Each structure stands twice: as C-alpha cells, then as structure tokens.
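Note that the coordinates shown come from a computational prediction; the quantities given were computed from them, not determined experimentally. Chain A is the first sequence line, chain B the second, and so forth, proteins listed ahead of strands; every chain is numbered from 1. Computed over heavy atoms, backbone and side chain alike; hydrogens, waters and symmetry mates excluded.
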Number of protein chains: 2
Amino acid sequence: MDTDKNHEINLQASEKQYSKNLLPSLSVNSVLFSYHNEALNVLLLEFAETDYFMLPGGFIKNDEDVDEAALRSLKERTGLNNIYLEQFYVAGKAGRTSDPVVLEYLEKEGYTTTAGWLNQRNVSVCYFALVSEKRVKPEIKENFISEYKWTDLQKLPQLLFDHYDIIQKAISRLQADIDQKLLFHNLLSEPFTMPELRKLYEAVFQKQFTRSNFQRKMLKRNILVRVGKKLEGRANKAPYLYKFKK
Amino acid sequence: MDTDKNHEINLQASEKQYSKNLLPSLSVNSVLFSYHNEALNVLLLEFAETDYFMLPGGFIKNDEDVDEAALRSLKERTGLNNIYLEQFYVAGKAGRTSDPVVLEYLEKEGYTTTAGWLNQRNVSVCYFALVSEKRVKPEIKENFISEYKWTDLQKLPQLLFDHYDIIQKAISRLQADIDQKLLFHNLLSEPFTMPELRKLYEAVFQKQFTRSNFQRKMLKRNILVRVGKKLEGRANKAPYLYKFKK
DNA sequence: ACAAAAGTGTTAGTTCTACACCCATGA
DNA sequence: TCATGGGTGTAGAACTAACACTTTTGT
C-alpha cells in the first residue's frame with residue numbers, strides 16, 4: 001500500500017528529471033575542501049534558513065559522464081575549471097534522503113511531496129575537491145538554498161541527510177591519498193614555506209608533526225624546489241620558500 | 001535529433017524497470033574473487049556464447065539500499081550469505097554500455113534496441129567480494145548468459161564494456177586493503193599454514209615475498225594463533241597450522 | 001643419508017623519533 | 001641581548017631485506 005504510493009511519487013519525479021535530460025534517482029555531491037586560517041574548511045549550503053546545512057550537488061545529464069557532471073556542477077557553482085576531483089564513495093541507503101527537518105519544512109510551507117529533488121529516492125556519487133583558498137566565489141541560484149559558508153571541519157553545523165558521514169569518509173580518503181598523490185599542492189598557493197606545509201598536514205590529520213622530521217621527510221621525497229627566502233617582518237629566522245616540482 | 005531519439009529509448013527502458021520496482025539507469029557489479037590453485041581467480045559470465053565475458057551484476061530495488069542490492073544479487077547467484085563485500089568504484093562513463101560485440105549480436109539476432117538491460121545508459125556501483133574456494137555454486141538464470149567460469153587473473157579472456165578496467169581497480173583496492181582490514185581470512189579456509197598465506201599474498205601482489213621475513217611480519221602483528229602442526233605425508237618439516245584471531 | 005621445505009637467527013642497512021643545538025631576525 | 005621560530009645534527013630504537021643455519025619429515 002504505502003510502498004505502492006511511494007513508488008508512484010518516485011515515478012512522477014523521475015519523469016520530471018527525464019524531461020530535463022537528467023538521470024533519475026542519481027546525483028553527485030561534492031565535498032569541497034579549502035585550507036584557510038590554518039584549518040581545513042568545507043563548503044556548506046544552508047537549507048532554507050533552517051540553520052541546517054548540506055553539501056553542494058547536482059544531477060547528471062543523460063549523455064554526460066558522471067565525472068563530467070561533478071566537474072560541471074562545481075564549475076557552475078564556483079567558476080573554477082582546474083579542480084582536483086576524486087570520486088570516493090557512493091551513498092546508497094534507501095532512506096537517506098528523507099530527513100525530518102526537510103519533510104517538516106516542506107509540509108509547513110505547503111509543498112507537496114512531489115515538489116522537487118529533496119525527498120525522492122536518490123543515490124549519490126560523492127567526490128571531494130581541493131581548491132586553493134580565495135579562488136572560489138560560490139553563487140547561489142538553487143531553490144531552498146539560503147546561504148553558503150566555508151566551515152572549519154572542527155566546527156561543523158548540523159547537517160542534513162547523511163552528509164556528515166559523507167564528509168567523514170571524504171576526510172579519510174583525503175588522508176589516505178594526500179601523500180601518495182601529492183594532493184597538498186592543490187590546497188596551498190605557491191610558493192609556500194615548510195611550516196605552512198606542516199600546518200596543512202596537521203589540519204588534515206588533526207595531529208602534531210615533529211618539526212625537524214617533517215621537514216626531512218618532505219625534502220627527501222624530492223618533490224619540492226626552494227625558490228628563495230621569505231623576508232617577512234617577523235621576529236625570527238625567515239623560512240625558505242618552496243614550489244611543487246612538476 | 002539523434003540524442004532525442006536515444007532519450008526516448010532510455011525513457012521506455014526506464015519505465016520497464018520502474019514497473020518492476022527497480023531503479024533505472026543504475027546497477028551493481030561485483031568482482032568476485034576466490035583463491036584457488038595458488039592463484040587469484042575471478043568469476044566471469046559468458047555473453048551469449050560469444051567467447052566474450054562479463055562481470056555478474058544486478059539491479060537495485062526502489063526500497064533497497066545499494067549495499068543490500070549487491071549482497072542480494074550475490075546471494076541469488078551464489079547462495080552465499082556471509083560474504084565480505086566492499087564498494088570500491090562507480091563506473092559512470094556515458095558510453096560505457098555500448099559495446100560493439102553486444103550491439104552486433106543484438107542486431108544479428110533481431111532484437112530491437114529497447115530489448116533489455118544491455119545497451120541503455122547505465123551507471124554501475126562496483127563491489128568486490130571475497131569467498132573461500134569451493135563454497136560457491138553459481139547458477140545461471142539470466143538471459144544472454146551462456147556460461148560462468150572462475151578465471152585466473154593472469155589469464156583473463158576478452159571482456160565486455162569497461163569490465164577489464166573495473167577488475168584492475170578491484171585488484172588495486174584489494175591490495176590496498178588486504179593488510180589494513182585483514183581481508184585474507186576471507187580467501188583462505190581455516191586452518192591454514194604460513195606458506196599458504198604467503199602464496200596468497202604472492203598471488204594478490206604478483207610478486208615474491210621472502211619466506212623468513214614474511215613469517216616474522218605476520219606473526220608480529222599478533223593476529224594469528226597456532227592451532228597445531230600439519231601432519232602431511234610430505235618429505236619435509238610439517239608446517240604449523242594457524243587460525244585467524246577474532 | 002639425502003632432498004625438500006619449514007622454522008629460526010644474524011647482520012647490515014635504512015628509516016623513524018625524539019631531542020639538542022645552532023642560526024637569523026626584530027624588538 | 002633576548003625571545004621567537006626556522007634549519008640542521010645526532011644517537012638510539014625500530015624496522016627491512018638478504019641470507020645463513022637448523023630442524024623435521026619421507027624416501
């Protein structure tokens with residue numbers, strides 16, 4: 001009974017998507033990381049002035065690779081072209097998109113349950129992206145989105161759906177890949193100093209690294225080139241500047 | 001023009017799936033690994049007596065988690081319940097399901113392009129599964145599938161779609177996870193000997209491990225318990241037997 | 001006794017870790 | 001000249017890799 005009814009609802013919503021040449025029941029979500037103020041930040045969107053936040057996402061066109069869809073939706077949102085993007089997870093739980101906060105809001109505002117993309121069955125292919133600070137100017141044009149903000153990972157607000165879990169999985173994957181794939185150069189603007197690089201690692205792994213050993217380890221990998229000295233007005237020895245070796 | 005036509009085709013096929021309560025455009029595929037004859041094997045299905053093979057897969061019910069769908073389709077195919085299953089990739093290229101071999105076969109046999117699940121746009125959530133040898137009795141009930149076989153990874157036949165890439169990605173992920181998540185105990189039947197365990201590692205990584213060092217490394221991790229000696233009729237010292245410590 | 005293959009030991013080399021020491025800079 | 005913080009050195013521990021030696025077993 002009840003499942004039959006839900007099925008009808010899904011079918012209708014799905015046909016709407018098809019009419020726009022979009023794959024039904026499927027979407028992408030992106031965990032967009034930046035490094036700012038010595039902390040790892042993530043881009044969040046506020047849902048309808050509820051103080052609840054969510055990850056940016058988008059749908060997939062019929063004739064478009066899923067990877068392309070992720071790149072396109074980020075480009076549309078941030079204007080950025082050369083973003084490092086990595087697929088890391090599929091969120092596929094059946095009930096993942098029925099969030100009480102959203103349902104209550106829709107009911108209060110008089111939306112029918114077929115109103116939009118919010119509460120139908122949805123499987124999401126999740127990506128994380130790395131961007132240098134300040135390169136991004138997000139734009140909000142979607143329905144239900146009232147605001148965006150960069151949030152320190154240690155101070156996450158309340159998140160809708162399963163987006164908290166998705167963020168945690170993104171962090172795990174970033175930690176696993178940052179060394180192997182040398183991802184850090186997507187988060188720092190060149191040139192950078194060794195202490196800056198170390199603090200980035202400390203933000204990513206949420207732990208301290210011994211200063212001297214960290215420097216030795218990075219230098220031994222032969223992936224950095226010194227490009228001079230940093231002459232800052234600080235009461236200490238000026239650190240060297242480094243660039244990432246191509 | 002042409003894209004509009006394809007769109008119509010997809011929509012029709014999609015509605016067929018909905019009528020069976022299945023999510024459209026989305027499926028799961030499983031790379032089912034076993035360890036047999038000192039080699040890593042993978043379960044493949046032959047497509048319509050063409051000598052081309054493919055991975056087992058299945059669709060996702062409307063009210064079912066994607067993970068559940070993967071488990072269910074494996075259970076239906078192999079009868080196994082407690083399988084280790086891990087999601088590792090999403091194959092999402094737009095053209096991935098149009099394989100010339102399949103298209104030619106369908107045309108030759110007089111199928112229309114809306115005939116089945118074979119050549120519509122499809123995004124596949126990929127899992128790898130680990131099973132002890134001999135526990136599996138695959139059954140073939142699908143259309144177009146003429147045979148199944150376990151194949152040595154070093155002797156793969158020609159594969160349809162992007163299934164070769166998927167298998168390679170599965171191996172990479174298995175290599176990355178086998179130590180961390182102690183996956184080997186899903187591939188060996190207990191009790192096992194240290195040489196057997198070593199040969200499993202050599203099959204997974206396709207390289208030799210020094211006998212003495214491998215033993216030391218595994219024992220130091222404190223995850224194995226000796227349960228006696230193997231008294232085999234072999235002209236050499238009988239190796240110890242081990243079980244996996246829970 | 002011998003071959004085969006398992007268990008154990010040894011040694012040199014490398015890497016990790018903690019900490020000490022020195023150096024440059026601005027107040 | 002002092003505090004701050006970056007750069008470099010070093011000794012001990014831990015880990016790695018190659019190889020030698022010993023033990024068990026069936027023929």
Could you tell me whether the phosphate oxygens of C/dA18, OP1 or OP2, come under 4.0 Å of any side-chain nitrogen or oxygen in A/T210? yes

Starting at CZ of B/F214 and ending at P of D/dT16, how long is that distance when rounded to a whole Å? 13 Å

What one-letter contact string describes nucleotides 1-9 of chain D from 5' to 3', where B marks a base within less than 4.0 Å of any protein heavy atom, S marks contact via sugar-phosphate atoms alone, and - marks no contact? --BBBBBBB

Without decimals, in angstroms, what is the distance between A/K220 NZ and C/dT17 C1'? 12 Å

Examine A/F184 together with A/F244 and report whether their ring centres are nearer than 6.0 Å. yes

Check this for me: A/E49, atom CD, are more than 12 non-hydrogen atoms of other residues, nucleotides or ligands nearer than 6.0 Å? no

Just say parallel, tilted or perpendicular for the rings of B/Y201 and B/F214, cut-offs at 30° and 60°. perpendicular

B/K217 has an atom NZ; how far is it from atom P of C/dT8, in whole Å? 18 Å

Rounded distance in Å - CD (B/E196) to C1' (C/dA6): 13 Å

Output, in order, the C-alpha distance, side-chain angles, deciding distance and verdict of side chain to side chain contact (heavy atoms under 4.5 Å, CB included) for A/L71 and A/D67. CA-CA 6 Å; A/L71 281 169; A/D67 289 353; 5.6 Å; no

Indicate the ring-plane relationship of A/F205 and A/F209, choosing parallel, tilted or perpendicular according to the 30° and 60° boundaries. perpendicular

With side chain to side chain contact (heavy atoms under 4.5 Å, CB included) as the criterion, how do A/Q168 and A/L156 come out once you've worked through the C-alpha distance, each side chain's angles and the decisive distance to 0.1 Å? CA-CA 11 Å; A/Q168 298 308 313; A/L156 288 176; 4.2 Å; yes

